[in-house]
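As C-alpha cells, the structure follows; a few thoughts come after it.
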Amino acid sequence: MIFSTLEHILTHISFSMVSIVITLHFITLLVNEIVGLYNSFEKGMIITFFCITGLLVTRWIYWKHFPLSDLYESLIFLSWSFYIIHMILYVKKQKNNLSAITAPSAIFTQGFATSGLLTEMHQSAILVPALQSQWLMMHVSMMVLGYASLLCGSLLSIALLIVTFQKDIISIFYKRKHLLNESFFFGEIQYMNQKGNILQSASPLSIRNYYRSQLIEQLDHWSYRVISLGFLFLTIGILSGAVWANEAWGSYWNWDPKETWAFITWTIFAIYLHIRTNKNLRSANSAIVAFIGFLIIWICYFGVNLLGIGLHSYGSFTLTLN
C-alpha cells in the first residue's frame with residue numbers, strides 16, 4: 001500500500017514538473033536573456049529526473065520485477081534514458097544548443113506516459129511466462145537505451161539538415177543579389193569591392209556563416225557520438241534478445257515483426273556509420289540516413305504495440321480517452 005501510494009505521488013509530481021518545465025522551456029526559447037529562468041528550467045529537469053528514477057525503483061520493488069514489462073514502463077524508461085543523455089550533455093557544457101533537442105524528447109515522452117491516455121497500463125500485472133527470465137533486464141534495457149540514443153542522435157542530425165538547408169538558401173540569395181548588383185552597377189561595384197575587401201573578414205554575413213558552420217560541426221560531432229553509442233546498445237540488445245528467444249521459444253531468430261524491424265533499424269544505422277567514415281559523404285548525407293532511421297525506430301517501437309501481433313505483442317495497448 002505504501003509503495004502504491006508513493007508511486008501515485010511520484011507520478012503526479014513528475015507530471016506537474018513536466019508541465020512547469022515545458023512552460024519554462026518555451027519561455028527560454030523565446031527570451032534568451034533571462035539566465036535565472038534557464039537555471040530554473042535545468043533544476044526542473046533534474047527534479048523530474050529524480051522523480052522518474054524514484055518511480056521506476058518503486059515499481060521495481062512493489063511489483064518484484066524490473067519495470068520494463070509493458071509499454072507504459074518502457075515509455076517511462078525511454079524518458080529516463082532521454083534525461084540521462086540530457087544530463088550528460090549538460091555536464092559536458094553543451095547546454096545551449098543541444099538541450100533544445102534532448103530536453104523536449106525527455107519531456108514529451110514522459111508527459112505522454114504519465115498522462116491519462118495510458119491509465120489502464122499504469123497498473124502492472126503478473127509477468128507472462130516469456131518475460132519471467134533474467135534476460136528481461138539485459139535485453140529490454142539495452143534496446144530502450146539504444147532507441148533513446150538513436151532517437152536523440154537522429155534529431156541532432158535532423159537539426160543539422162535544417163541548419164544546412166538554411167545556409168544554402170541564404171548563400172544562394174546572397175550570390176544572386178551580388179550578381180544583380182554587378183549587372184546594373186558594375187562600375188560602382190568595382191569601387192565598392194576595393195573598400196569591401198578590407199572589411200570582408202568582419203562582415204556580418206561572414207561572421208554569421210562562421211557561427212553557423214561551427215553549429216553544424218557541433219551537431220555532426222555529437223550526433224555521430226550519440227548514434228554510435230545507441231548502435232552499440234542496439235547491437236547488445238539484439239544479441240541478448242536472440243539468446244533469450246532461444247531459451248524461451250527454442251530458436252535464436254523467428255522473423256517476428258519486432259525482430260524484423262529491429263534488424264532493419266540496425267541495418268539503417270550501420271549504413272549511417274559506414275557513410276560517416278567517408279569524409280566526402282559526412283554531414284548532410286549521413287544526416288539523411290539518420291532521418292530515415294528516426295522514422296524506422298518509431299515503426300519498430302510502436303508498430304507491434306499498436307497492432308498487437310507477433311511474439312512481442314505483450315506490450316500492446318489501447319488509448320483510453322476520458
Side-chain angles (χ1 to χ4, degrees), residues 1-63 66-119 121-124 137 140-141 144-145 147-149 151-153 155-156 159 222 226 229-230 233:
M1 184 65 183
I2 297 175
F3 287 106
S4 179
T5 305
L6 181 60
E7 179 185 340
H8 186 74
I9 292 172
L10 288 172
T11 301
H12 282 275
I13 292 175
S14 62
F15 185 75
S16 300
M17 286 302 304
V18 160
S19 303
I20 297 172
V21 166
I22 288 175
T23 305
L24 292 175
H25 183 68
F26 280 118
I27 295 175
T28 52
L29 287 177
L30 296 174
V31 185
N32 295 324
E33 289 79 10
I34 307 177
V35 179
L37 195 61
Y38 182 84
N39 292 332
S40 300
F41 163 72
E42 287 299 336
K43 290 176 182 177
M45 291 287 291
I46 294 172
I47 293 172
T48 310
F49 168 73
F50 282 112
C51 285
I52 295 179
T53 304
L55 177 61
L56 289 171
V57 172
T58 301
R59 287 184 72 91
W60 192 352
I61 296 174
Y62 182 65
W63 296 105
F66 193 70
L68 276 173
S69 61
D70 53 38
L71 185 64
Y72 168 71
E73 292 177 345
S74 70
L75 278 171
I76 293 292
F77 193 85
L78 179 67
S79 177
W80 182 83
S81 303
F82 283 138
Y83 278 105
I84 287 289
I85 297 172
H86 177 79
M87 296 300 171
I88 292 174
L89 294 177
Y90 180 75
V91 171
K92 293 288 185 179
K93 307 300 181 183
Q94 302 293 331
K95 56 185 180 182
N96 291 329
N97 299 319
L98 305 185
S99 63
I101 301 295
T102 57
S105 303
I107 290 168
F108 287 118
T109 306
Q110 193 249 331
F112 174 72
T114 54
S115 66
L117 296 175
L118 298 175
T119 305
M121 292 195 68
H122 285 206
Q123 296 298 323
S124 186
M137 182 188 300
V140 187
S141 63
V144 176
L145 284 170
Y147 290 153
S149 301
L151 286 171
C152 278
L155 285 172
L156 293 173
W222 280 102
V226 175
L229 180 64
F233 284 140

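Both backbone and side-chain heavy atoms feed into the values below; hydrogens, waters and symmetry mates do not. Since this is a predicted model, take the numbers as computed values, not measurements.
To the nearest 0.5 Å, atom CD1 of residue Ile101 and atom SG of residue Cys152 are 8.5 Å apart. A distance of 15.0 Å separates OH of Tyr83 from CD1 of Ile88, quoted to the nearest 0.5 Å. Between the CD1 atom of Ile13 and the CZ atom of Phe50 there is a distance of 14.0 Å, given to the nearest 0.5 Å. With rounding to the nearest 0.5 angstrom, the CG atom of Leu68 is 10.0 Å from the CG atom of Leu78. Rounding to the nearest 0.5 Å gives a distance of 9.5 Å between CG of Leu156 and CH2 of Trp222.
Side-chain atoms of Ser81 come within 3.5 Å of backbone atoms of Phe77 as a donor-acceptor pair (strictly under, hydrogens ignored).
Between Ile107 and Met45, the closest side-chain pair of non-hydrogen atoms falls below 4.5 Å. Under the 4.5 Å side-chain criterion, counting only non-hydrogen atoms from C-beta, Phe49 is in contact with Thr53.
For Glu73 against Phe66, the heavy-atom pair with the smallest separation is OE1-O, 4.3 Å. Scanning all heavy atoms of the two residues, the minimum distance from Leu155 to Ser105 falls at CD1-OG, 3.2 Å. Contact record, Arg59 with Pro67: CB-CB, 4.2 Å, taken as the closest heavy-atom pair.
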Checklist entry - So Ile76 and Trp80, side-chain contact (heavy atoms from CB on, under 4.5 Å) or not? Walk me through it. => result CA-CA 6 Å; Ile76 293 292; Trp80 182 83; 5.5 Å; no

Checklist entry - For Ile46 and Met87, what are the C-alpha separation, side-chain angles and deciding distance, and is it a side-chain contact (heavy atoms from CB on, under 4.5 Å)? => result CA-CA 8 Å; Ile46 294 172; Met87 296 300 171; 3.8 Å; yes

Checklist entry - Please walk me through it: do Ile52 and Ser79 pass side-chain contact (heavy atoms from CB on, under 4.5 Å)? => result CA-CA 8 Å; Ile52 295 179; Ser79 177; 3.7 Å; yes

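Not a single side-chain hydrogen bond (donor to acceptor under 3.5 Å, both in side chains) links Ser16 to another residue, sequence neighbours left out.
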